[in-house]
Structures are given as structure tokens and as C-alpha cells.
**Q** 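What follows is a single structure, and I will ask about it in a moment.
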Amino acid sequence: MSSLSTAATPVVPDTPSSQTPTPRGEITIRVSQVLRHTSEVSGFVLQRIDGHPLPTCEAGAHIDVYLPGDLVRSYSLCGDPARSHEAYEIAVKREDRGRGGSRAVHSWVREGEILRIGAPRNLFPLAPQAPHHLLLGGGIGMTPMVAMAHALHARGEPFTLAVFARSAAYLPLKNVLDTAPWRDRVQTHFDDAPVRTSPASLVAAAPAGSHAYYCGPEGFMQHVREACQHWPAERVHFEYFNAPPKSEAASAAAPATAGFEVVLARSQKRLTVGPEQNIAHVLQSAGVRVDTVCEQGICGSCITPYLDGTPDHQDFCLTEDERATHIAICCSRSRTPTLTLDL
Ligand code: FES
């Protein structure tokens, strides 16, 4: 799913040191514009307060937004990556039954507000090349797909952007879909249409060798996941909002529940992780700085290289190749009595 070279390293431009993000990759920005996309989705245009360029980003990247009350939430960038040095754009759906992040954004973030954000991370990159790219977005899950559509149009590669919403009134970013130079590549599918098209039918009809990308609510994710299950894994790319049910975790074996020891290779510190603890919290309690945002194995902020031992991977953001060298320490554990981290 991801490209760790970009996932682990924030994309930072070649700019003077006074303009670069802080060591944590944080950037202070001003909300230069608030856009009302639908009754439940607002867009936010973010620019640096010093007027200097932002770190450029790739299509599929997301940023962490630091909110009052120590809330941190990750949002996909949906603007044109080619113009990301000028401004970032996110679109946030208000989830009244969510964990509080989107409510905080909608009730607190206004035009002119000063915010801290993290530098972009990309766990959902486009394939370098493909005969066709099928972008499937369910509701607000279409946001990274819009950035991908901008990038693919610029690359001159064939793609289809299929977006699914309850009805036209709930379609986020409609203004972009209607006016973008790639608008002829857009298909809109609404639940209230007399004849409904399923994402699975689009997967089935995709040209040979296509790469599929999907993001949306859990039911949508499950539907597309099943439709793509016969495709080679390297041609299927996805990003979750929330961790899916444990039964769908990528680890086929039952999760490891026993305690184990973590060794920090650089300091030779040894720390015990109890059966009910996670590695990130144990490290943080011992004074080791570990960034965590989602704590569900989705956002990639806690991904850490390991040197020895066998992890019990429980994340939803690393590819099998990446898992050979890295572990998401917010959710994954160890299958061996000792796990050595490159920290
Ligand atoms: S904190 Fe998000 S993947 Fe670990």
C-alpha cells in the first residue's frame, strides 16, 4: 500500500533553514479560506504564516492537524500537489458520533485561525506507472483521490475517478470535480439513483494491468477489498479512516498476547512490554520520544525500523515488504521474547 521511503520521512523542500519545519516536522499555518462543500463537509485552505513555500507533497499524502485539547487528527491533502508549495487543502466531514476531531475542526477552525500541522507523510502513493489507474472514493474518502487525479492528469496517464455518495447534495468537492481539466475522467455514483453502479463492477471492468486505489467508510472498503481480492497485491492500494474489525487485520495468525522485551539498539535500553501494554506507550513512559496520532495502525506516525526479532504486525498501513524492516509500534507486538528496535 505504501512507499516507506516517503512514509517515514516527511517531504521537506529545499528551502532555507528558517523556513523548514521544526524537528518534529511541525509547521505553523494560517487558515486562509474556509469552504462549505456540503452541509457536513467543509474545506480548509492552509498557508504558512511567514508567506514562505510549504513543503511540497505527493498525491495521497496526509497531514496531522494539532487541535485544542491535545487532539491530533490526520487529514488527506486534496489540492493539486503541483501547487502544494502555495497552500494545502483538506476537506473534513463532521462526524457527530466520531472521536471528536472533526467536531473540533468544524466548531473551532475559522478563517484566519493559526494552527500547527505536521509535514506531509505519504502512505498512499500512486504507482510509478500503470496502464490505467482506477481511483475509487467513497464519500469523504475521495479526498486523496482528487489529489491523485490532479497528479495523473499532469503525468498524462490514463485514469478513472469514480466517486460514490448518498446523493448529489452530499458529494464533497463537487466544484473541483465539475471544473477540473480532468473532469471528463470523473464518474459520480449516487445511492439515490434509479440504477446504481457498484464499485465492484468498475473493478471487474478495469483494463488489464490497472492499479486500483480506494478509500471510504468501512462498508465501502470491505466491498472494494472483496472485489480486488483476486488482483495481485502490488496493484491494489488503499487507505483506511479507522481500523477495520480485528477479524480483517492483515495478520493472519492470532495476535500475540504475551509480554516481551524491547531493546533499543542505540542506547541498549531494555524495556518490558506487558500483555496489556503497547510498545509506544512503554517507550513514552520511559522518556523516549515517539510520535503517535491514530494509535490504530493507520496513520504511520509511529513506524519504527527494527533490527532483530519477529514482530506481530497488526497495522493497516505497511506493505509486506515494509514489514520486513519496520513496525507500527502503536499496535503491533512481538512474536519473539525480544524485539530490537533501531532507536
Ligand atoms: S500512531 Fe498511527 S500508525 Fe501508529
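Every number for a ligand or one of its atoms is a count from 1 in the order of the listing. Numbers for residues simply follow the sequence, beginning at 1. Heavy atoms only: backbone and side chains are in, while hydrogens, waters and symmetry mates are out.
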**Q** So, T336 versus T338: side-chain donor-acceptor pair below 3.5 Å or not?
**A**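 On atom types as modelled, these side chains do not qualify, holding no pair under 3.5 Å.
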**Q** Checking R185 against W182: charged group under 6.0 Å from the ring centre and within 45 degrees of the axis?
**A**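 Judged by the rule (NZ or CZ under 6.0 Å from the ring centre, within 45° of its axis), R185 is not positioned above W182.
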**Q** Go through the structure and list residues passing ring pair (Phe, Tyr, Trp, His ring centres under 6.0 Å) with H189, not counting sequence neighbours.
**A**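 Result, ring pair (Phe, Tyr, Trp, His ring centres under 6.0 Å) vs H189: F164.
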**Q** Name every donor-acceptor pair, under 3.5 Å, that has one atom in a side chain of residues 132-148 and the other anywhere in the protein, sequence neighbours excluded.
**A**
| from | atom 1 | to | atom 2 | distance (Å) |
| --- | --- | --- | --- | --- |
| H132 | NE2 | T160 | OG1 | 3.0 |
| H133 | ND1 | Y213 | OH | 2.9 |
| H133 | NE2 | E157 | OE1 | 2.7 |
| T143 | OG1 | I140 | O | 3.1 |

**Q** Do the side chains of Y88 and W108 join up, straight or via other hydrophobic residues, at under 4.5 Å, putting them in one cluster?
**A**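 Result: yes, single cluster for both.
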**Q** Run through the protein N/O/S atoms less than 2.8 Å from atom 4 (Fe) of ligand 1 and write them out by chain and number.
**A**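 Counting only protein N, O or S atoms under 2.8 Å from atom 4 (Fe) of ligand 1, the list reads C302 SG, C330 SG.
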**Q** For R99, check salt bridge (charged side-chain N to carboxylate O under 4.0 Å, His left out) against everything at least two apart and list the hits.
**A**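 R99 satisfies salt bridge (charged side-chain N to carboxylate O under 4.0 Å, His left out) with no other residue.
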